Amino acid sequence: MTEPLLHVEGLSKRFGGVVAADAVALAVPRGEFHAVIGPNGAGKTTLIGLLAGEISPQGGHIRFDGRDITRIPVHRRSRLGVARSFQITSLFPDFTALDNVALAVQAHSGHSFRLWKNARRDRALREPARTALAGVGLAARASVRVDKLSHGEQRQLEIAMALATQPQLLLLDEPMAGMGPEESARMVTMLRKLKGGVTILLIEHDMEAVFALADRVTVLVYGRVIANGEPAAIRADPVVREAYLGEQEARATELRRNG
Amino acid sequence: MKAAPALFGKAIAPSCLAPRTVLTVTLLVVLALVPIYAAFTGDPFALTLFTRVLIMAIAAVSLNLIMGYGGMASFGHAAYLGIGGYAVGILWKEGFASGFVQWSVAVGVSALFALVVGALSLRTRGVYFIMITLAFAQMVYYVAQGLDRYGGDDGLTIGQRSTFGGLVDLNNNTLFYYLCFALLLASVYLVSRLVNSRFGLALQGARSNERRMRAIGFPTFRYKLAAFVIAGVLCGLAGALLANHTNFISPAIMYWTRSGDLMVMVILGGLGSWFGPVIGAVLYLALEEALSRVTEYSGLVIGPVLLLAAIYLRGGIEGLFAGAGRD
């Protein structure tokens with residue numbers, strides 16, 4: 001049996017008294033669309049941080065493409081083929097959309113100690129960047145400054161930047177966050193197109209999207225994996241239902257209190 | 001981000017007559033004509049004042065590279081003026097008058113100092129970065145104060161300007177002025193090329209969103225450090241010029257308020273605009289000079305002016321002339 005592209009074992013992280021990752025185990029084969037769900041505070045974003053290398057774990061191992069990357073810094077993981085998008089849009093607001101993606105291309109085309117030639121006229125950077133923008137439907141917005149783009153467009157640009165690094169593994173941190181139903185639907189269509197190409201690990205609150213897209217689902221509660229399986233099985237799992245039902249009841253109580 | 005400015009070699013098109021271009025060209029013409037004005041009026045003071053302006057403008061341009069484009073607010077940039085100046089003074093005192101030797105040492109020691117300061121300070125952020133760069137600069141200041149052989153606190157009068165084996169005679173004040181002018185233009189051009197290169201975009205990306213830069217695969221530290229060293233070298237060169245200009249060097253040249261002056265010039269002129277620091281240096285030093293003739297308390301006027309500029313001119317004077325393009 002071939003080794004999965006991403007193989008996580010015993011991954012642990014505590015922030016003071018809070019356990020954000022409790023011996024998390026995860027195996028994502030190449031080409032799979034894997035979703036991680038869980039109630040608020042389950043440690044989903046921490047998991048992305050650990051996998052991308054922004055947070056270092058207190059225990060456990062992360063293997064990627066056959067090598068241990070547990071102690072490798074963020075920028076080198078990116079070079080190995082791990083890309084991420086951010087839950088809270090994280091772009092270069094004073095650059096144009098094209099500049100943003102071109103930077104991502106530049107990061108993966110050798111070192112940047114090229115001090116003289118105008119990089120904005122460098123076709124080796126601009127052409128792939130345009131292709132990546134077109135891929136997320138932003139071709140017409142290439143020369144617009146990012147802070148002038150709509151929220152939905154910024155979310156699309158998030159994905160374009162991650163894709164422009166030509167990753168093997170794409171970590172998506174709630175790409176639908178803050179989107180209206182129409183924008184969400186467009187994002188689902190876009191992600192479906194990526195399915196089967198790049199391996200994807202998706203964190204998402206939008207259950208409809210998750211069940212529509214994922215090949216397999218992992219459920220995280222209080223930093224611990226409580227279930228793992230195909231979408232249909234997860235949907236029927238009583239343990240999962242309880243975890244979610246619990247949250248929904250809590251939400252209902254909160255709503256009553258506030259309103 | 002503004003459109004890439006092309007300072008040289010661009011045909012004059014109607015679009016070049018934007019207010020900003022007019023301001024830039026006017027200022028350059030005025031600066032180019034200063035020695036002629038001085039010769040006609042027989043007033044050497046204008047030449048002296050504006051030589052100083054040009055030199056400080058080079059220092060401000062260098063600070064703008066790291067502060068404006070790299071987001072590194074160094075509060076110790078005057079240290080390089082001191083290092084460059086003392087390289088000239090100390091070597092002269094020890095019998096080396098050759099500019100080739102003096103200026104190479106000025107640039108080399110500045111680079112080394114920037115490498116050390118940068119390697120340590122760039123691991124910190126915000127206020128801590130400001131404090132560390134300030135601390136290093138003050139260290140150099142106190143070292144200079146302790147150099148009794150080179151005048152200590154009183155400073156050192158330098159007996160002759162750097163010699164370049166008959167290539168250029170720095171004793172000719174007009175020639176010296178145009179040398180400073182040429183070096184200023186070269187620094188502005190250098191920075192305008194740098195900031196639009198791959199290196200410059202990596203630098204500006206790190207200023208804008210360092211976390212994202214790492215996530216897309218940039219080892220940001222090394223690019224920031226390289227920019228820090230380039231800025232140090234350029235400012236060290238300005239220090240060598242300054243020592244030649246005044247024939248004198250003292251620790252006061254790198255007192256912390258000097259670093260503050262440089263920051264003010266950059267902010268006043270326009271943070272992160274390639275010509276802004278030149279405007280800032282001219283305006284700040286001219287204002288300071290004019291006010292010092294009228295009142296002892298020039299700070300009482302300069303202070304509020306800076307305050308207003310900080311509140312209302314986010315892009316500095318340069319941004320004002322650029323129109324509504326910046327916000």
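These numbers come from the heavy atoms of this one structure, side chains and all, not from hydrogens, waters or symmetry mates. Order of the sequence lines fixes the chain letters, A, B, ..., with proteins taken first and strands second; residue numbering starts at 1 for each chain. Note that the structure is a prediction, hence the values are computed from the model and not measured.
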Just wondering, are more than 12 heavy atoms of other shown residues or ligands nearer than 6.0 Å to [atom1] in [X]?
X         : atom1 : result
His61(A)  : NE2   : no
Phe15(A)  : CZ    : yes
Arg126(A) : CZ    : yes
Ile88(A)  : CD1   : no
Glu127(A) : CD    : yes
Arg125(B) : CZ    : yes
Glu210(B) : CD    : yes

Output the option from [options] having the highest count of non-hydrogen pairs under 4.5 Å with chain B.
options                                : answer
Ala119(A), Ser112(A), Pro93(A)         : Ser112(A)
Lys117(A), Arg79(A), Gln106(A)         : Gln106(A)
Ser90(A), Gly53(A), Ala83(A), Ala52(A) : Ser90(A)
Arg77(A), Arg76(A), Arg84(A)           : Arg84(A)

Are side-chain heavy atoms of [X] and [Y] found at a separation under 4.5 Å?
X         : Y         : result
Arg193(B) : Leu115(A) : no
Leu91(A)  : Asn209(B) : no
Leu103(A) : Gln204(B) : no
Phe92(A)  : Leu201(B) : no

With a 4.5 angstrom heavy-atom cut-off, which part of [X] approaches chain B: side chain, backbone, both or neither?
X         : value
Asn100(A) : neither
Ser109(A) : both
Glu158(A) : both

Subject >> Contacts with chain A made by residues 213-236 of chain B (heavy-atom distance under 4.5 Å), listed by residue number >> reply: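 Residues of residues 213-236 of chain B touching chain A at under 4.5 Å: Met213(B), Arg214(B), Ala215(B), Ile216(B), Gly217(B), Phe218(B), Pro219(B), Arg222(B), Tyr223(B), Ala226(B).
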Original post:
By number, which residues in residues 58-68 of chain B have some heavy atom less than 4.5 Å away from chain A?
Top reply: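 No residue falls under the 4.5 Å cut-off.
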